[in-house]
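Structure first, commentary second.
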Amino acid sequence: MKIKFAAQATGDAIAAPAYAKAALSDAAKALDEASGGAVTRALEASRFNGGAGQVLEIAAPSGVEADRLILFGLGERKDADGGVVEKAAAAVVKHLLVSGAKTLSLRLDGVADTEASARAGLGATLAAYRFDRYRTKLKADKKPSLSVVEIVVQDEKAAKKAWKGWEGVADGVALARDLVMEPPNVLSPPEYAKRVKKLEKEGLEVEILGEAEMEKLGMGALLAVGRGSEQESKLAIMKWNGGRKGDKPIAFVGKGITFDTGGISLKPAQGMEDMKGDMGGSAAVVGLMRALAGRGAKVNAVGVVALVENMPDGRAQRPGDVVTSMSGQTIEVLNTDAEGRLILCDALWHTQEKFDPKFIIDLATLTGAILVALGHDHAGAFSNDDELAERLHRAGRASDEKVWRLPVGPEYDRQIDSEIADMKNIGEGRLAGSITAACFLQRFVNGKPWAHLDVAGAAMKGNSKDPRHPAFATGYGVRLLDRLVRDYYEG
Ligand code: BES
Ligand code: MN
Ligand code: ZN
């Protein structure tokens, strides 16, 4: 989707906002006048009342050149901030995407400030996202027709500049979604690593470690998970140095299980295909790094993603195996399907040791239990640092990628003590499964400020009513973490 900013509406579809109780904006009033009252008549004939996210289309109006006029709702005028504009723009784009309309002029002149106008660009881009790479027979009338969104503003120059700060974020979300959407026979760990390596052209430094290098580092837990796979496990390390020289970096770590069969503790067939998305945490980290580079964020950041396939095989690890992690701590593997924590523990240890970061945030589609607790609309947050947890919470509200904090603590941590090793990789029974998983990770951050986001619900099959979400991969985490960096760690 091409996003433009202009002073005049030239599209074949022109959209203007209305507020609660169907109060027309000045732009909408102008359209009403030009069309000889078509807008008011359509209003009267419909149940459109200007609620946030509502869309009303008026086809082939007389008196105007456009083929369509669209009225879209922003709700209460005082609440219509950047977030509301973002979502409303998404609703209009979703409505028009395959409608035959080619260029949408979104009239935000006199309605939204510069920042909110740029957020409209983000919403439009998120809603236009498609993953059509493997469709060879898509009929012409099912293909997207809309290719340009022209956002009408008073100050074009300022809006364009503000958009520069969001375009990178839109690209980062699209990248994260593509990675999650890709089928697991295509996106193996080596292929994934190659795609990360390509981000060097965006200005990131990228280093890829293979199994031999990880062996040398002593990453026995990560390597054990990949033993049943024909595909080589990889660790991809991305660096963005946009901050002051010598400033400690902030660090993000992602679970990148390119397919999770469960291993020898095999998962049931029903729904197993979703486990191509078991790399959603890593995709958010990669997308975030792309976003930070794309918008030239003034921060030093590292992103570390562990890329491994969890398969059953003659060489696969067994329930009962004991492995030694890079930290030296030993782990009794009682369930090979609790593999995410095994790859993360080595990635976390390496990250804190090598980069001495200000904090580490890890993202992982870690437990089915987090879906039971929170569904798709919040990620579970766990932290040893109240300030970091609070900031994540606020960034979640501001970006509309929300988190909800759950506890960690000794009562839960005790559950992962093992009879024969330093710990085991599952808790006692099924209770508090997301928390015992977080406690496991906490044993590998060496006391550093840390937060863990369990995104098993948020990364996949998001809110189908949200016009910014496609059917499967939400790209969750990119906007949240970008917001966190923007609001607290830049400059
Ligand atoms: N990748 C899964 C968690 C998951 C489940 C993500 C559903 C998205 C949707 C993870 O590796 C897993 O299998 N976790 C187990 C842990 C258990 C064996 C302690 C689970 O949640 O059942
Ligand atoms: Mn698993
Ligand atoms: Zn998994």
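A salt bridge links Lys197 and Glu200; the closest N-O separation between the charged side-chain nitrogens and carboxylate oxygens is under 4.0 Å. Remark: Asp171 does not engage Arg177 in a salt bridge, criterion side-chain N to carboxylate O under 4.0 Å. We find that Arg290 and Glu202 are joined by a salt bridge, their nearest charged nitrogen and carboxylate oxygen being less than 4.0 Å apart.
A donor-acceptor pair under 3.5 Å links the side-chain atoms of Gln415 to the main chain of Glu428, judged by distance alone. Judged by distance alone, with hydrogens and angles left aside, the side-chain atoms of Asn310 form no donor-acceptor pair with the main-chain N or O of Glu339 at under 3.5 Å.
Among residues two or more places apart in sequence or in another chain, the salt bridge (charged side-chain N to carboxylate O under 4.0 Å, His left out) test is passed with Arg483 by Asp487. Partners of Glu353 under the salt bridge (charged side-chain N to carboxylate O under 4.0 Å, His left out) rule, at least two apart in sequence or in another chain, do not exist in this structure. Under the side-chain contact (heavy atoms from CB on, under 4.5 Å) criterion, Glu211 pairs with Leu223, Glu232, Ser233, sequence neighbours left out.
Applying the side-chain contact (heavy atoms from CB on, under 4.5 Å) test between Phe355 and each of Val302, Asn300, Ile360 identifies Val302 as the sole match.
Checked by atom type, the side-chain pair Gln329/Ser327 shows a donor-acceptor distance below 3.5 Å. Tyr489 and Arg391 share a donor-acceptor pair across their side chains, judged by distance under 3.5 Å alone. In summary, the side chains of Asp413 and Gln442 do not present any donor paired with an acceptor at a separation below 3.5 Å, with no hydrogens or angles considered. Tyr192 and Glu309 are not linked by any side-chain donor-acceptor pair at a separation below 3.5 angstrom, with hydrogens and angles left out of the test. Counted by atom type alone, Trp450 and Asp362 present one or more donor-acceptor pairs between their side chains at under 3.5 Å.
When the shell of 6.0 Å around NZ of Lys358 is examined, it contains more than 12 heavy atoms from other residues, nucleotides or ligands. Applying the 6.0 Å contact sphere to NZ of Lys461 captures no more than 12 heavy atoms from other residues, nucleotides or ligands.
Both tests hold for Arg119 against Trp166: distance to the six-membered ring centre under 6.0 Å, angle to the ring axis within 45°. With Phe472 as the aromatic partner, Lys276 meets the cation-pi criteria of under 6.0 angstrom to the ring centre and within 45 degrees of the ring axis.
Ser265 is listed as a side-chain neighbour of Asn335, based on a closest heavy-atom distance under 4.5 Å.
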